Colleague: 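Pasting in a structure now, in structure tokens, and then I'll have a few things to ask.
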There are 2 protein chains.
Amino acid sequence: MSQDGAAIHLETSLGYLLKEASTALRLAMEEVLRPLGMTVTHYSCLELLAQRPGLSNSELARGAFVTRQSMNVLLQALERDGYVSRPSQAPVGKALPARLTPRGRRSLEKASRAVRSVEVRMLAGMTDAEQSDALRSLKSMVRSLRGGV
Amino acid sequence: MSQDGAAIHLETSLGYLLKEASTALRLAMEEVLRPLGMTVTHYSCLELLAQRPGLSNSELARGAFVTRQSMNVLLQALERDGYVSRPSQAPVGKALPARLTPRGRRSLEKASRAVRSVEVRMLAGMTDAEQSDALRSLKSMVRSLRGGV
DNA sequence: TGACTCATGTCAGCATTCTGACATAGGCTC
DNA sequence: GAGCCTATGTCAGAATGCTGACATGAGTCA
């Protein structure tokens with residue numbers, strides 16, 4: 001079915017391509033993270049904490065592009081399993097700064113290698129200039145889309 | 001918290017930017033589709049059927065980047081509500097070619113306008129050349145990511 | 001013809017994320 | 001200080017998508 005090579009503007013829609021690319025990336029990441037028993041959000045949370053120790057739940061949620069409710073569920077599980085630690089009392093306000101435990105750091109190392117291999121593969125056919133252009137284009141799109149209608 | 005402007009390589013990771021951009025696009029689409037009682041996948045399905053009448057459930061799933069199981073749930077709802085029609089018997093094999101009903105077409109028109117406005121906004125700050133470059137970059141990434149490890 | 005492989009439609013159960021809601025902490029203005 | 005707004009953490013329920021599984025239809029090959 002649908003072997004008609006009809007020229008459809010979906011193929012030239014940047015929005016559609018963006019979704020296609022991010023889906024391909026997500027699937028590739030899930031594929032390498034699954035053997036480690038880790039989801040993409042799970043990995044994102046650990047990676048964020050490694051790079052910015054002390055992030056709060058809400059900040060992690062924004063960094064991983066999920067709601068703070070979703071991140072809270074994940075954080076509680078990570079804390080229960082000993083990958084992350086949070087103080088019982090907030091040093092200021094209500095925000096609880098989270099940090100990786102040694103176990104969390106070890107877990108992240110393997111995941112980082114796996115994810116890095118995916119990113120390397122993704123960039124395989126692109127020159128440095130093309131990567132810079134793509135980076136700039138994506139940033140422009142994000143800027144334009146933010147800030148409501 | 002985290003006012004440290006630490007230079008982190010997340011900001012220069014094409015994978016991270018890709019996720020950020022696609023999230024921003026998805027949120028913007030959800031925002032304009034919600035008043036119409038439509039989800040992004042819902043809209044994608046109708047748009048695909050408008051451009052390629054007769055697509056099967058599995059083909060729609062691939063086009064909308066979800067599993068055929070998920071698309072099946074959606075298609076059954078769309079069929080029940082009179083937006084889409086499928087024959088009770090498969091003309092060949094098991095694939096049931098789906099088509100928009102007049103009601104489905106009317107529903108799609110409003111959604112298309114809304115989504116188009118989002119895409120226009122997204123491309124606002126980019127020249128045609130930049131858009132072409134971005135398109136090519138995204139296609140390259142998809143190519144590289146497909147085909148397993 | 002029969003065995004094998006592949007794609008499809010579909011059902012069931014599970015995982016993940018979301019929306020809605022509430023209480024609390026801090027900053028701001030009057 | 002009182003009132004207001006915003007941000008945060010958290011709980012509960014709903015929506016959405018996924019994996020696993022099964023049966024069916026078509027093509028391939030011995």
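Chain letters run A, B, ... following the sequence lines, proteins first, then strands; residues in each count from 1. Everything numeric in this text was worked out from a predicted model, so none of it was measured.
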Colleague: Rounded off to whole Å, could you give me the CD-to-C1' distance for the A:Glu30 and C:dA15 pair?
Modeller: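 Taking atom C1' of C:dA15 as the reference, CD of A:Glu30 is at 11 Å.
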
Colleague: Side-chain contact, heavy-atom cut-off 4.5 Å: B:Val118 with B:Glu31?
Modeller: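 Answer no - side chains too far apart.
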
Colleague: I want to check one thing: is the phosphate of C:dT16, taken as OP1 and OP2, less than 4.0 Å away from some side-chain N or O of A:Arg26?
Modeller: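 Checking A:Arg26 against C:dT16: no side-chain N or O falls below 4.0 Å of OP1 or OP2.
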
Colleague: What is the distance, rounded to the nearest whole Å, between atom CZ of B:Arg86 and atom P of C:dT8?
Modeller: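 Atom-to-atom, B:Arg86 to C:dT8, this comes out as 13 Å.
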
Colleague: Examine B:Val40 and A:Val142 and state if one hydrophobic cluster contains both, with Ile, Leu, Val, Met, Phe, Trp and Tyr joined whenever side-chain heavy atoms are less than 4.5 Å apart.
Modeller: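 No, it is not one cluster - the side chains of B:Val40 and A:Val142 are not joined through contacts under 4.5 Å.
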
Colleague: Nearest whole angstrom, please: distance from the P of D:dT10 to the CG of A:Leu60.
Modeller: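 Distance check: A:Leu60 CG to D:dT10 P gives 12 Å.
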
Colleague: D:dA15, OP1 or OP2 - any side-chain N/O from B:Thr39 closer than 4.0 Å?
Modeller: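 Negative; the distance criterion is not met.
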
Colleague: Measure CZ/A:Arg62 against P/D:dA7 and give the value in whole Å, please.
Modeller: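 Nearest whole value for this atom pair: 8 Å.
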
Colleague: Respond yes when some side-chain nitrogen or oxygen of A:Thr41 is under 4.0 Å from OP1 or OP2 of C:dT17, and no when none is.
Modeller: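 It does, given that an N or O in the side chain of A:Thr41 lies less than 4.0 Å from OP1 or OP2 of C:dT17.
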
Colleague: Are A:Ser107 and A:Met38 side-chain neighbours, meaning at least one heavy-atom pair lies under 4.5 Å?
Modeller: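 Yes, at least one pair of side-chain atoms sits under 4.5 Å.
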
Colleague: Does a side chain donor of either B:Glu109 or B:Ser112 reach within less than 3.5 Å of an acceptor in the other side chain?
Modeller: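 No donor-acceptor contact under 3.5 Å links the two side chains.
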
Colleague: Verify the contact: side-chain N or O of B:Ser58 to OP1 or OP2 of C:dG9, cut-off strictly under 4.0 Å; return yes or no.
Modeller: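 Yes, such a contact exists.
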
Colleague: With a 4.5 Å limit on heavy-atom distance, are the side chains of B:Arg136 and B:Gln131 in contact?
Modeller: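 Side chain of B:Arg136 against side chain of B:Gln131, heavy atoms only: no contact under 4.5 Å found.
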
Colleague: Whole angstroms only, please: what is the CE-P distance between B:Met29 and D:dT16?
Modeller: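 Distance check: B:Met29 CE to D:dT16 P gives 15 Å.
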
Colleague: Taking atom P of C:dT16 as reference, at what distance in whole Å does atom CE of A:Met38 sit?
Modeller: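 For the pair A:Met38 CE and C:dT16 P, the rounded distance is 13 Å.
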
Colleague: Look at the aromatic rings of B:Tyr83 and B:His42 and report parallel, tilted or perpendicular, splitting at 30° and 60°.
Modeller: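 Correct class here is perpendicular.
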
Colleague: Output the residues of residues 66-78 of chain A in contact with DNA chain C, where contact means a heavy atom of the residue under 4.0 Å from an atom of the strand; sort by number or write none.
Modeller: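 Close to the strand are A:Val66, A:Thr67, A:Arg68, A:Gln69, A:Ser70.
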
Colleague: What is the distance, to the nearest angstrom, from the CD atom on B:Gln89 to the P atom on D:dT24?
Modeller: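 Distance check: B:Gln89 CD to D:dT24 P gives 14 Å.
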
Colleague: So, A:Glu20 and B:Arg62, do they make that salt bridge, N to O below 4.0 Å?
Modeller: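 So A:Glu20 does not pair with B:Arg62 through a salt bridge.
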
Colleague: Could you tell me the separation between the CG atom of A:Leu96 and the C1' atom of D:dT8, rounded to a whole number of Å?
Modeller: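 One finds 9 Å between C1' of D:dT8 and CG of A:Leu96, rounded.
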
Colleague: If you assign each of A:Lys94 and A:His42 to its closest nucleotide in DNA chain C, which residue comes earlier from the 5' end?
Modeller: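 Comparing both residues, the 5'-ward one is A:His42.
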
